[in-house]
Amino acid sequence: MDLLADLTPPQREAVTHVNGPLLVLAGAGSGKTRVITRRVAHLLQQGVSPHNILALTFTNKAAGEMRERIEVLVPGAKVWVGTFHGFCARLLRSHGSLVGLDSSFTIYDQADRLRTVRDVLDAMGVEEPPITPEKIEGAISRAKNDLATPKSLAHRARDDRDRLVAKVYAAYEERLKAASAVDFDDLLVHVVKILKEHRDVRENLDARYRYVLVDEYQDTNMAQYAIVRALSVNHPNLCVTGDPDQSIYGWRGANLSNILEFEKDYDAVRVVKLEHNYRSTKSILAVADHLIQHNVNRKPKDLITENPSGEPVQLTVYARESEEAEGVAARIASLVREGSYNYSDVAVFCRITALTRTFEQAFRSARIPYQIVGGVSFYERQEVKDVLSYLNLINNPKDDLAFSRVVNVPPRGLGKTSFERLTAFARDHGLTLLEAARRAREAPGLKDKAIRSFLDFVALYDELGALRDDAAERVILQTMEKTGYRQHLKDESRGEGEDRLANLEELITAAREFDLEHAGATIQDFLADITLASPVDRWDQQTGAVTLMTLHAAKGLEFPVVFIIGLEEGLLPHSRAFENPNELEEERRLFFVGITRAQRELYISRCRIRTFRGQQQATAQSRFLMELPEDFLTYDDRSGVSSGDSRWGQASWSGQSGYAPRRPQPTRTPMPTPSAGGFRLTTAAQLAGGGPSSIAAPGDLDAFRPGASVLHPEYGLGRIVAIEGAGPNRKGRIAFTLAGERTFVLAKSPLKLVGKSGAGPR
DNA sequence: ACTGAACGCTTTTTT
DNA sequence: AGCGTTCAGT
């Protein structure tokens, strides 16, 4: 096919560029992916071997898309397209020994990292760290992204916290090394190290990957920069694409100057600007453009489109979040009912994942199919993690973290004490935990029973270890049988075991699919694949459901209809960004990214009261709303509250604004307002005087009598069948409708009385 | 050693 | 509000 026929002159220029560095500044919706894939096809057409081309992206999803589109253009071309992390993992399997890494290394995800940091703090005897483990973990990650070592960190430490971070960092590194493990950042950092220290390797790779393409270059960090740089010394045929206005990963160490300074960094850079937008209506683009112009630290850029003006962008204010969710749900329902769109044409974006919960409820009761991208990942569920830990240990016997996860799963009578003795023994003799377990007889202080359990575990392990080179599905099945894990879940008294088994079935299915797609692959490949997979990768636009995701996850996607919710100070922009002008600009870019995902219709909303961590709070509208052009907006205040804030507030309650809603408003069921009215439940703990200022009024607890109905936040409704004892420590035996019988110390329990004999308004 | 309930902390975003 | 960790009872 003719690769150039349907391209604009600038697109054509980028596609036909062959040798030398190329910077493509691609505005949102400017056909960037099309340009990259065409360029790859063009290179192949010019006789470049697919073997010599490397295309790097940030997500597997983007990589997969690119691979597919290249396949359509040039069937059978074996171009390596993948993520930075995937590329580095592969490289380390073959070259890891140069940095002292076994080829069977384990990849730690963030949860593993945090666990390790906690363990390190524990081992160091730090009782009350001045900063949280999460912060330390973040600081270590940040240091790695900036290519800082524990030493350099210790060197520039200014206070106790910095010194602690540096110390933990050093110990953390040792642990990973001993466990033959790497974290996400290490994948990059180790490769950087190899490229720096082994000239021959670098030159070979530079020559091998003669043509390198990097997508989303504005989001590269120092380590990624160093890798790309090292692969483009002798053969600087490097093509980077990106948009500084869409840089949203600064918090993760992305370095905007990588793209801003690209022209100075390489000689004779060709720059191509793609400013023509093929995605959005004029209204949407105008709103995006107005907003982003408020960024000071920015290269001016035009956004042009020949698309129709379309509907104005609609801004709606709701009273509370439940109404926001219901309002959005109602609008989606009517859009679909009118026949203009399918559910899968619609996406709802929010700043933080916590906001999706309300929407789930609203969608469920409105019977709108939805899918959430992100949140608690499938692979993070307990039972999945357990089985995967077995796989990790089979693959890498040094993985102490995996060992400690599974040694007592299912329960083998190995408790804290036994485990601590084993750890001490391992540490004293420089053994891995598995080796130590093998020699459990020599470990001081271990009881006979524990020794036997450890030895049994090792025997079990050896049996499983023989499966090391088998396909993933088989190993998982064998593991579940031989460890007795499947039986363990079956025996679980309450219904949860079945859900867990169902999740494991899903894992088995995933493994089977992986095995089919990757002939000859082992569990090591399977583990790497799922560890490096992100929730977005599992997302599928074609499922006929509304998509619910964070603004970050939305990057690179597009939808006919987009809702962006929670336009409130503290949320968007997020409160953590208030202090820092750069971070504030990043928040603005984040909003910009969200807006420019929309093709035809865009709705933004906020609410006046939002519940956060259990607290209801009045909100202030996002400062970004003031930065949008009125001409392209309609405004609709459905909160029923007058408020002095902003010109928007004025426009709303006068009722005379020119921004009348264009469509009939869907009717809403009036909602009772629980907090404003008189009905409130009081917990037993409150009755007993949980607050420091009040003194227990013993009489109040008397309301908890046999026969009374109670509500427990977790177990739901129940009835008191018996009261045991007397005084403040009296216990209640509750028969729950769904969860069986349980006993509580009333004064400490979160039980609430319900029904007419229960607590009235106070 | 194991279970279940209370405590206390938090994540903003993710490869 | 929700989760992981800690604490207490058996």
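Just so we're on the same page: letters track the sequence lines, and every chain starts at 1. Since this is a predicted model, take the numbers as computed values, not measurements.
Salt bridge annotation for A:Arg115-A:Asp119: present, with a cationic side-chain nitrogen under 4.0 angstrom from a carboxylate oxygen. Between A:Arg589 and A:Glu586, at least one side-chain N (NZ, or NE/NH1/NH2) sits under 4.0 Å from a carboxylate O, which counts as a salt bridge. A:Glu360 has a carboxylate O that lies under 4.0 Å from a charged side-chain N of A:Arg364, or vice versa, which qualifies the two as a salt bridge.
Paired with A:Glu568 under the rule salt bridge (charged side-chain N to carboxylate O under 4.0 Å, His left out), one option of A:Arg606, A:Arg351, A:Arg623, A:Arg610 passes, and it is A:Arg610. Screening A:Asn221, A:Asp185, A:Asp183 against A:Lys144 for a side-chain hydrogen bond (donor to acceptor under 3.5 Å, both in side chains) leaves a single residue, A:Asp183.
If you check every strand for non-hydrogen atoms under 4.0 Å, A:Phe184 touches a base.
Taking atom CG of residue A:Leu188 and atom P of nucleotide B:dT14, one finds them 18 Å apart after rounding to whole Å. The interatomic distance linking A:Phe454 (CZ) with B:dA1 (C1') rounds to 13 Å, in whole Å. Taking atom OH on A:Tyr108 and atom C1' on B:dT15, their separation rounds to 18 Å, with Å as the unit.
The cationic group of A:Lys555 lies under 6.0 Å from the six-membered ring centre of A:Phe58 and within 45° of the ring axis, placing it in a cation-pi geometry.
Annotation: proximity of residues 403-421 of chain A to DNA chain B (heavy atom, distance under 4.0 Å) is found for A:Asn408, A:Pro411, A:Gly413, A:Leu414, A:Gly415, A:Lys416, A:Thr417, A:Ser418, numbered in ascending order.
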Would you tabulate the nitrogen or oxygen pairs shorter than 3.5 Å linking the protein to nucleotides 11-13 of chain B?
residue : atom : partner  : partner atom : Å
B:dT12  : O4'  : A:His574 : NE2          : 3.4
B:dT12  : O2   : A:Arg351 : NH1          : 2.7
B:dT12  : O2   : A:Arg351 : NH2          : 2.2
B:dT13  : OP1  : A:Thr353 : N            : 3.3
B:dT13  : OP1  : A:Thr353 : OG1          : 2.5
B:dT13  : O2   : A:Trp251 : NE1          : 3.1
B:dT13  : O2   : A:Arg351 : NH2          : 2.9
B:dT13  : O2   : A:His552 : NE2          : 3.3

Can you tabulate the close N/O pairs, meaning under 3.5 Å, that link protein atoms to atoms of nucleotides 5-7 of chain C?
residue : atom : partner  : partner atom : Å
C:dT5   : OP1  : A:Arg115 : NH1          : 2.9

Kindly list each side-chain donor-acceptor pair under 3.5 angstrom involving residues 414-424 of chain A, sequence neighbours excluded, with atom names and distances?
residue  : atom : partner  : partner atom : Å
A:Arg421 : NH1  : A:Gly445 : O            : 3.1
A:Thr423 : OG1  : A:Phe419 : O            : 2.6

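In this structure, A:Arg161 has no salt bridge (charged side-chain N to carboxylate O under 4.0 Å, His left out) partners at least two apart in sequence or on a different chain. The ring pair (Phe, Tyr, Trp, His ring centres under 6.0 Å) check on A:Phe184 picks up nothing, with sequence neighbours excluded.
Taking atom P in both B:dT13 and C:dG4, one finds a spacing of 15 Å when rounded to whole Å.
A heavy-atom distance below 4.5 Å is found between the side chains of A:Glu134 and A:Arg118.
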